[in-house]
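Notes follow the structure.
Reminder, nothing fancy here: chain letters follow the sequence lines and each chain counts from 1.
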There are 2 protein chains.
Amino acid sequence: MSRTSKRRGELVDVLEGLLRDMAARGVLVHQAIADRFGLNSTDLKALDLARGEPNLTAGRLAEITGLSTSAVTALLDRLERAGFVERRRDPADRRRVFVVSTGRHEEELTRIFGLMSERMRDVLRRYDDERLAVAVDFLGAVNDAARDVMPEITGREPAE
Amino acid sequence: MSRTSKRRGELVDVLEGLLRDMAARGVLVHQAIADRFGLNSTDLKALDLARGEPNLTAGRLAEITGLSTSAVTALLDRLERAGFVERRRDPADRRRVFVVSTGRHEEELTRIFGLMSERMRDVLRRYDDERLAVAVDFLGAVNDAARDVMPEITGREPAE
DNA sequence: TCGAATCTCTCGACGTATCGAATTATTTGC
DNA sequence: GCAAATAATTCGATACGTCGAGAGATTCGA
C-alpha cells in the first residue's frame, strides 16, 4: 500500500469516529431540548413528522407513529397544552382533526441552530468556496446514508 | 456583494439545513436502536455516560444522571437484564458496585455505523485526500460547536 | 470495639404513557 | 332517510419509571 492510501485509511477511521460522536451528541442536544419543554421522545418524534406532512390528521399520526388513536389523542393534548400544535377541524369532513404546527418547534430549533452557527462561523471562514462545497456534499451524503440505513435498524419497510 | 459571496451565502444556508436534517435523523436512528433493545432514553444516556468513566459506581451514576439511587438501581437492573452492563462489587470497598460495560452497546453501534459506512463508501471514493481532510475537519468543528452549545440549552454548567 | 457514616438495595406510593373498549359526532351508501 | 362505516374522544385498566423512606451491609473514626 502506498503512503497515500495509508493516510486515507486513517482519515476514514477518524471520520467514522467523528460520525459516532456526532450522533451521540445530537441525541443529547435533542434530549436537552425535550427536557426543557417537558416533552418526551414520542412527542418530539410526532412533531418532526408533523413538519413533513402538510395536511396531517390525528388518525394519520396514529398510523405513522404506530400508536393507538387514544394515545394520539393524549399526545395531541400534551403538544397543544405546550403550544406546539393546534387542532383544527376539517371543514370538509368535520369528524377529522387537522394537526397544524404553531411554529414554536421551528422557532426553538432555529434558535438552537443559530447558536451553533455562531460557533461555526469561525470554521467556515477558514474555508474557500471549494472546501465549503465539499462540506455541503459530504453532509448530504451522511444524511442519505442515515436515511437508507433506517429500515435495516427497525427491520421494517421504509415507508408505511 | 460579489458573485462569490452570494454563492457562499447560499452554501452556508444549505449547510445549516443539512445540519438540522442530520440532527433530526440522528435522533430517529438512536430512537430506533433504543426501541430495538427495549431501552428508554434515560437508559441510553446512562450507557453513553458509562462509556466515558472508567471506574463508574452506582452512586456516581446517580450523581451524573440526576436520578435517585433507587432509580439507578432499577436502571441497572434493566441494563443488566438486557446484557449491556455488569455489576461488579469493589473488592477494596465492598459496599460499592462498579458498573462495567459488557461491550454490547459498542458492538451494536459498530454494527449500525458499519452499515452506514458501506453506504458512504461510494461518496468517499469520489474524494481526493484533500477533500477527505476537509470533511474530517468540518465534522470535528460541528462536534465542537454542538458540545459548546449544550450548556446554553440546558441552562446548566457544562461539567458537574 | 462500637457507633456513626456511607453505599446500595428493597418496598410502597405516585405520576404518566399506553392500550382496548365503549361513546359521540359525522359522513357514506343503499 | 336510515343503517353502517369512519374519526376522534373518553374511560378504566395496566405497565413502567421515578421518588422517598428505610433496611442491610460495610467501612471509618474515636
Which ones in residues 68-77 of chain B lie close to DNA chain C, meaning a heavy atom under 4.0 Å from one of its atoms?
B:Thr69, B:Ser70, B:Thr73
Just the rounded figure in Å: distance from [atom2] of [N] to [atom1] of [X].
X: A:Asp93; N: C:dT24; atom1: CG; atom2: P; result: 20 Å
X: B:Arg81; N: D:dC16; atom1: CZ; atom2: C1'; result: 11 Å
X: A:Phe98; N: D:dA7; atom1: CZ; atom2: P; result: 12 Å
X: B:Glu80; N: C:dC9; atom1: CD; atom2: C1'; result: 13 Å
X: B:Arg60; N: C:dT8; atom1: CZ; atom2: P; result: 12 Å
X: A:Arg94; N: D:dT6; atom1: CZ; atom2: C1'; result: 15 Å
X: B:Arg88; N: C:dT8; atom1: CZ; atom2: P; result: 16 Å
X: B:Arg89; N: D:dA25; atom1: CZ; atom2: P; result: 11 Å

Contact under 4.0 Å: [X] side-chain N or O vs [N] OP1/OP2:
X: A:Arg78; N: C:dA17; answer: yes
X: B:Thr42; N: D:dT18; answer: yes
X: A:Arg96; N: D:dA7; answer: no

How long is the straight-line distance from CD of B:Glu53 back to CZ of B:Phe98, given to the nearest 0.5 Å?
11.5 Å
Could you tell me whether [X] and [Y] have a side-chain N and a carboxylate O separated by less than 4.0 Å?
X: B:Asp77; Y: B:Arg87; answer: yes
X: B:Arg131; Y: A:Asp137; answer: no
X: A:Arg111; Y: A:Glu108; answer: yes

Taking atom CZ of A:Arg88 as the centre, report whether more than 12 heavy atoms of other residues, nucleotides or ligands fall under 6.0 Å from it.
no
Which listed nucleotide ([options]) is nearest to the side chain of [X]?
X: A:Leu67; options: D:dT27, C:dT18, D:dA8; answer: C:dT18
X: B:Val97; options: C:dT8, D:dG17, C:dC7; answer: C:dT8
X: B:Asn40; options: C:dT8, D:dG17, D:dT26; answer: D:dG17
X: B:Arg95; options: C:dA5, C:dT8, D:dA8; answer: C:dA5

Pairs under 3.5 angstrom only: tabulate donor-acceptor contacts from the side chains of residues 142-150 of chain B to other protein residues two or more places apart or in another chain.
unit_1, atom_1, unit_2, atom_2, d
B:Asn143, ND2, A:Leu18, O, 3.3
B:Asp144, OD1, B:Arg147, NH2, 2.8

Does B:Asp21 have any salt bridge (Lys or Arg N to Asp or Glu O under 4.0 Å) partners at least two apart in sequence or in another chain, and if so, which?
none
